[in-house]
A.B. asks: 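Have a look at this one before I ask anything.
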Amino acid sequence: MSVSEDALEERFRARAAMGRGGLETVPISSVAQQTRGNIPNTPLASSFIAFLLGITFALGATLVAINGVPQSDVLTRQLGFFAASWALFHWLEFGVTAGWNREKCSVDSYLLDNGAMYHISNGIAVLEYVLTAAWNPSLKAYPYVTEIGMVWVVFGQVLRSLAMIHAATNFSHTVAFQKRSNHKLVSDGVYAWFRHPSYAGFWYWAVGTQLVLQNPFSTVFFAVVLWRFFYLRTRSEEAALIRFFGDEYVQYRARVKVWIPFIP
């Protein structure tokens, strides 16, 4: 059955009336910064990224389900869990933004273009795991460490996604230094327990992935580097929030903790 040109034209007019197309990936310019431009901001690029993340998640989940490849010291459920959780994290960053904060949604929402250091760090973590597991598998034979890491990963992912969902259009992947007309202080829901739940969620998620892999070097490295990043970021962000909301935010900050160790 073919679709007439008039019917197609009617669909295009209906989409135009809605303000933006159903597959649009360009954020509204008045509320979102320009994309970094390293990844094409198109539906094709977005679908291809989602496809690759889906494959990565499926392969990792398969390793977890079969408890690793028999006779292999490297292709283990630990590596599978790491791969699956990494792929799911990046897909959820885009998926949650698309569902609850679409005005800021773009291909950058996958957070795959957030600096070379991020990918280098993950590459070093995988390399540490592979080399250690191949050289001396007994160094990875502490199942309770992996189990603790899995709990941290799940907790961190749920916390971050809930924070993004609850904040909705008030959430941004970049620090906002100018207050929008509809910008409000979110202090209920998960924000009643965590002052920066998306930051705390990512910290526990990232450190948890290294506990899963039982990587001593990368665990310490991730914990320290991310602590420093979020310490500096919360200081600058909270200075902006005090300008936005005044005593309301000062009282909220005194009442609710960040819950990242040693960040007041």
A.B. asks: Please tell me whether Thr97 and Tyr110 have a donor and an acceptor in their side chains that are separated by less than 3.5 angstrom.
C.D. replies: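 No.
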A.B. asks: Of all the heavy-atom pairs spanning Trp152 and Gly208, show the shortest one and how long it is.
C.D. replies: CB-CA, 3.8 Å
A.B. asks: Judged by atom type as modelled, is there a donor-acceptor pair below 3.5 Å linking the side chain of His119 to the main-chain atoms of Leu112?
C.D. replies: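 A pair under 3.5 Å: yes.
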A.B. asks: Quick one: closest heavy-atom pair of Ile263 and Thr234, and the distance?
C.D. replies: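 Between these two residues, the closest heavy atoms are CG2-OG1, 4.1 Å.
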A.B. asks: So does Leu213 get a backbone contact from the side chain of Lys140, meaning a donor-acceptor N/O pair under 3.5 Å?
C.D. replies: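 Here the side-chain-to-backbone pair exists.
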A.B. asks: Any side-chain donor-acceptor pair under 3.5 Å between Arg233 and Tyr199?
C.D. replies: yes
A.B. asks: Could you tell me which non-hydrogen atom of Ser106 sits nearest to which non-hydrogen atom of Asn41, and how far apart they are?
C.D. replies: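 What the structure gives for the nearest pair is CB-OD1, 3.6 Å.
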A.B. asks: Between Phe57 and Trp91, is a ring pair (Phe, Tyr, Trp, His ring centres under 6.0 Å) present by the stated rule, with each step listed?
C.D. replies: CA-CA 10 Å; Phe57 176 84; Trp91 183 85; 9.3 Å; no
A.B. asks: Quick check: closest heavy atoms across Ile39 and Ala45, and the distance to 0.1 Å?
C.D. replies: CG2-CB, 4.4 Å
A.B. asks: How long is the straight-line distance from CZ of Phe194 back to CD1 of Ile260, given to the nearest 0.5 Å?
C.D. replies: 10.0 Å
A.B. asks: Are more than 12 heavy atoms from other residues, nucleotides or ligands located less than 6.0 Å from atom OH of Tyr249?
C.D. replies: yes
A.B. asks: Would you say the side-chain atoms of Asp73 pair up with the backbone N or O of Pro137, donor to acceptor, closer than 3.5 Å?
C.D. replies: no
A.B. asks: Are the side chain of Gln210 and the backbone of Pro216 linked by a donor-acceptor contact shorter than 3.5 Å?
C.D. replies: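 No, because the side chain of Gln210 does not come within donor-acceptor range (under 3.5 Å) of the backbone of Pro216.
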A.B. asks: Any donor-acceptor pair under 3.5 Å linking the side chain of Asp113 with the backbone of Asp108?
C.D. replies: no
A.B. asks: Is the backbone N or O of His196 less than 3.5 Å from a side-chain atom of Tyr191, with the two atoms forming a donor-acceptor pair by type?
C.D. replies: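 Checking the backbone N and O of His196 against the side chain of Tyr191, no donor-acceptor pair under 3.5 Å is found.
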A.B. asks: Step through the shown structure and confirm whether more than 12 heavy atoms of other residues, nucleotides or ligands are within 6.0 Å of CZ on Phe48.
C.D. replies: no
A.B. asks: Is the backbone N or O of Ala223 less than 3.5 Å from a side-chain atom of Arg228, with the two atoms forming a donor-acceptor pair by type?
C.D. replies: no
A.B. asks: May I ask you to decide if the ring planes of Phe202 and Phe230 are parallel, tilted or perpendicular, using 30° and 60° as cut-offs?
C.D. replies: perpendicular
A.B. asks: When rounded to the nearest 0.5 angstrom, what distance separates CD1 in Ile165 from OG in Ser198?
C.D. replies: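 Taking CD1 in Ile165 and OG in Ser198, the distance rounds to 12.5 Å.
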A.B. asks: Between Leu79 and Val74, what is the shortest heavy-atom contact and its length?
C.D. replies: CD2-O, 3.6 Å
A.B. asks: Do Arg160 and Leu92 have side chains that approach each other closer than 4.5 Å (heavy atoms only, starting at C-beta)?
C.D. replies: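 Not in contact.
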A.B. asks: Any donor and acceptor pair, going by atom type alone, linking the side chain of Arg77 with main-chain N or O of Gly68 inside 3.5 Å?
C.D. replies: no
A.B. asks: For Phe245 and Tyr252: C-alpha separation, side-chain torsions, deciding distance, then whether ring pair (Phe, Tyr, Trp, His ring centres under 6.0 Å) applies.
C.D. replies: CA-CA 10 Å; Phe245 303 106; Tyr252 170 72; 9.7 Å; no
A.B. asks: Determine yes or no for a side-chain-to-main-chain donor-acceptor pair under 3.5 angstrom, with Asn101 supplying the side chain and Val96 the backbone.
C.D. replies: no
A.B. asks: Got a second to check how far Asp247's CG is from Arg253's CZ, nearest 0.5 Å?
C.D. replies: 11.0 Å
A.B. asks: Look up atom CG in Leu88 and atom CZ in Phe81, then write down how far apart they are to the nearest 0.5 Å.
C.D. replies: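 If we round to the nearest 0.5 Å, Leu88:CG and Phe81:CZ are 9.5 Å apart.
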A.B. asks: Does a salt bridge link Glu248 with Arg255, judged by any charged N lying under 4.0 Å from a carboxylate O?
C.D. replies: no
A.B. asks: Do the side chain of Trp205 and the main chain of Phe155 share a donor and acceptor less than 3.5 angstrom apart?
C.D. replies: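 Not at all, since once roles are kept as given, no pair shorter than 3.5 Å links the two residues.
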A.B. asks: Examine the side chains of Ser109 and Glu93 and answer whether a donor and an acceptor come within less than 3.5 Å of each other.
C.D. replies: no
A.B. asks: So, Ser85 and Gln157: side-chain donor and acceptor under 3.5 Å apart, yes or no?
C.D. replies: no
A.B. asks: One pair to check against ring pair (Phe, Tyr, Trp, His ring centres under 6.0 Å): Trp86 and Phe82. What are the steps and the verdict?
C.D. replies: CA-CA 6 Å; Trp86 183 89; Phe82 171 80; 7.6 Å; no
